[in-house]
Amino acid sequence: MNEGWLALLQQAFSLLLSLDPDVWAIINISFSVSFAALLITFIPSIVLGFILAFSHFRGRWVVTNLIQTLQSIPTVVIGLLVYLLLTRQGVLGDLKWLFTQQGMILGQMLICAPVMIALSQAAFSSVDRRAWETSRTLGASWIRAVWTLCRELRVPLLLAIIAAFSRILTEVGCSMMVGGNIMNVTRNIPTAIALETSKGDFAQAIALGLVLLILALVLNFILGSLRGKALPRSH
């Protein structure tokens with residue numbers, strides 16, 4: 001058994017190091033789709049998180065609770081919603097995005113946005129409101145004042161980005177339903193792992209799993225380094 005698993009690991013590393021075109025096509029699709037979804041939702045999510053933290057308007061409590069609820073919705077349910085929107089009879093059917101990377105990006109945007117909004121709202125809520133008021137009093141523009149707060153909160157905001165990116169990069173349900181798991185078109189890492197495991201091709205599944213594991217280690221190392229720099233040094 002141990003020799004069998006060792007052989008599978010060797011095959012997995014061989015697939016990665018030999019730049020196997022099928023494996024790296026899957027990796028490229030997975031990262032390009034998830035990065036696109038993250039980049040599109042990043043600024044609007046941060047701005048909305050700031051508004052929810054610093055503004056007091058009617059319905060704020062409802063919006064906050066709705067966002068928190070959306071975080072816990074299974075990705076397969078979001079996939080079903082996007083699927084219904086993108087079908088020919090759906091509201092967005094004319095876009096013809098079903099079983100395309102654009103459709104996957106739309107689905108992942110709906111998955112990562114609530115995470116980034118909620119975590120950025122929590123980050124902005126932890127800041128002394130007087131810092132914002134002082135910046136505005138000194139003549140800083142709205143954008144510049146927000147940018148100053150973002151620099152002060154770079155570690156928790158980075159945590160929000162990492163959490164959102166991890167959620168969309170590893171989700172299966174939405175990508176499977178909206179993308180259709182089409183080779184060289186919409187097959188990403190999670191859907192490929194599910195498919196190859198069901199086929200008994202564990203080497204490719206392990207290779208793709210190693211990519212996610214290495215990414216998790218790198219992101220946690222970066223976050224840990226930033227947290228260490230943000231902590232005050234003791235004398």
Side-chain angles (χ1 to χ4, degrees), residues 1-41 71-88 90 92-93 95-113 115 162-219:
M1 178 65 71
N2 291 334
E3 292 181 358
W5 281 109
L6 183 60
L8 285 174
L9 283 174
Q10 291 175 343
Q11 293 177 33
F13 278 111
S14 177
L15 288 172
L16 293 174
L17 297 178
S18 65
L19 303 181
D20 180 83
D22 290 338
V23 171
W24 282 97
I26 293 169
I27 294 171
N28 179 61
I29 291 171
S30 191
F31 276 85
S32 60
V33 167
S34 296
F35 270 125
L38 187 69
L39 289 175
I40 295 171
T41 55
Q71 289 187 85
S72 59
I73 294 179
T75 59
V76 69
V77 176
I78 296 178
L80 175 61
L81 172 63
V82 177
Y83 182 91
L84 294 175
L85 290 174
L86 295 180
T87 55
R88 292 183 179 180
L92 302 178
L95 295 175
K96 298 181 179 179
W97 281 1
L98 191 60
F99 304 139
T100 66
Q101 292 185 19
Q102 291 90 336
M104 293 173 65
I105 291 172
L106 177 61
Q108 292 192 3
M109 286 170 59
L110 296 178
I111 294 171
C112 74
V115 177
I162 291 175
F165 183 66
S166 299
R167 178 163 166 77
I168 59 177
L169 188 65
T170 58
E171 68 85 18
V172 180
C174 182
S175 294
M176 187 74 77
M177 294 191 67
V178 178
N181 200 22
I182 304 171
M183 185 62 184
N184 295 325
V185 180
T186 59
R187 182 169 298 171
N188 61 10
I189 294 176
T191 59
I193 290 176
L195 176 64
E196 298 305 322
T197 300
S198 66
K199 290 164 53 180
D201 187 358
F202 296 107
Q204 187 175 109
I206 292 173
L208 295 171
L210 287 172
V211 173
L212 296 180
L213 178 60
I214 293 170
L215 176 66
L217 291 174
V218 171
L219 292 178

| query | Quick one: does Thr197's side chain have a donor or acceptor within less than 3.5 Å of a partner on Ile193's backbone? | reply | yes
| said: Walk me through whether Leu169 and Phe31 qualify under side chain to side chain contact (heavy atoms under 4.5 Å, CB included). | reply: CA-CA 7 Å; Leu169 188 65; Phe31 276 85; 4.2 Å; yes
| query | Nearest heavy-atom pair of Ala203 and Gln11: which atoms, and what distance? | reply | CB-OE1, 3.5 Å
| task | Please assess Leu81 against Ile73 for the test side chain to side chain contact (heavy atoms under 4.5 Å, CB included), listing each intermediate value before the final yes or no. | result | CA-CA 11 Å; Leu81 172 63; Ile73 294 179; over 6 Å; no
| Hey, does the side chain of Ser30 reach the backbone of Ile26 with a donor-acceptor pair shorter than 3.5 angstrom? | no
| said: Nearest 0.5 Å, please: how far is CG in Leu210 from CG in Leu9? | reply: 7.0 Å
| request: To the nearest 0.5 angstrom, please state how far the CD atom of Gln108 sits from the CG atom of Leu38. | output: 9.5 Å
| How long is the gap from CE on Met177 to CZ on Phe99, to the nearest 0.5 Å? | 8.5 Å
| query | When rounded to the nearest 0.5 angstrom, what distance separates OG1 in Thr100 from CG in Leu95? | reply | 9.0 Å
| query | Which heavy atom of Phe165 sits nearest a heavy atom of Ser34, and at what distance? | reply | CE1-CB, 3.7 Å
| field | Considering all heavy atoms, the nearest Ser166-Leu219 contact | value | OG-CD1, 4.4 Å
Anything under 3.5 Å between a donor and an acceptor, one on a side chain of residues 182-192, the other on a protein residue two or more places apart or in another chain? List them.
| unit_1 | atom_1 | unit_2 | atom_2 | d |
| --- | --- | --- | --- | --- |
| Thr186 | OG1 | Gly179 | O | 2.6 |
| Thr186 | OG1 | Asn181 | N | 3.4 |
| Thr186 | OG1 | Ile182 | N | 2.9 |
| Arg187 | NE | Asn181 | O | 3.4 |
| Arg187 | NE | Asn181 | OD1 | 3.2 |
| Arg187 | NH2 | Asn181 | O | 3.1 |
| Asn188 | OD1 | Thr191 | N | 3.2 |
| Asn188 | OD1 | Thr191 | OG1 | 2.8 |
| Asn188 | ND2 | Ser175 | OG | 3.1 |
| Thr191 | OG1 | Asn181 | OD1 | 3.0 |
| Thr191 | OG1 | Asn188 | N | 3.1 |
| Thr191 | OG1 | Asn188 | O | 3.1 |

| note | Smallest heavy-atom separation, Ala12 atom then Ile206 atom, equals CB-CG2, 3.7 Å
| said: Per the salt bridge (charged side-chain N to carboxylate O under 4.0 Å, His left out) rule, what does the pair list look like for residues 199-213, sequence neighbours excluded? | reply: Glu196-Lys199
| task | Could you pull out the closest heavy-atom pair between Ile168 and Ala37, with the gap in Å? | result | CD1-CB, 4.2 Å
| query | Where do Cys112 and Thr41 come nearest, in terms of heavy atoms and distance? | reply | SG-OG1, 3.2 Å
| said: If I take atom CG from residue Leu98 and atom CG from residue Leu85, how far apart are they, to the nearest 0.5 angstrom? | reply: 10.5 Å
| said: Can you confirm whether more than 12 heavy atoms, excluding those of Tyr83, are under 6.0 Å from its OH atom? | reply: no
| query | Quick one: does Thr87's side chain have a donor or acceptor within less than 3.5 Å of a partner on Leu84's backbone? | reply | yes
| Is there a side-chain contact between Leu16 and Val23, using heavy atoms and a 4.5 Å cut-off? | yes
| query | If you measure from CG on Leu106 to CD1 on Ile111, what distance do you get to the nearest 0.5 Å? | reply | 10.0 Å
| request: Could I get the full list of side chain to side chain contact (heavy atoms under 4.5 Å, CB included) partners for Val178, not counting sequence neighbours? | output: Val82, Leu86, Cys174
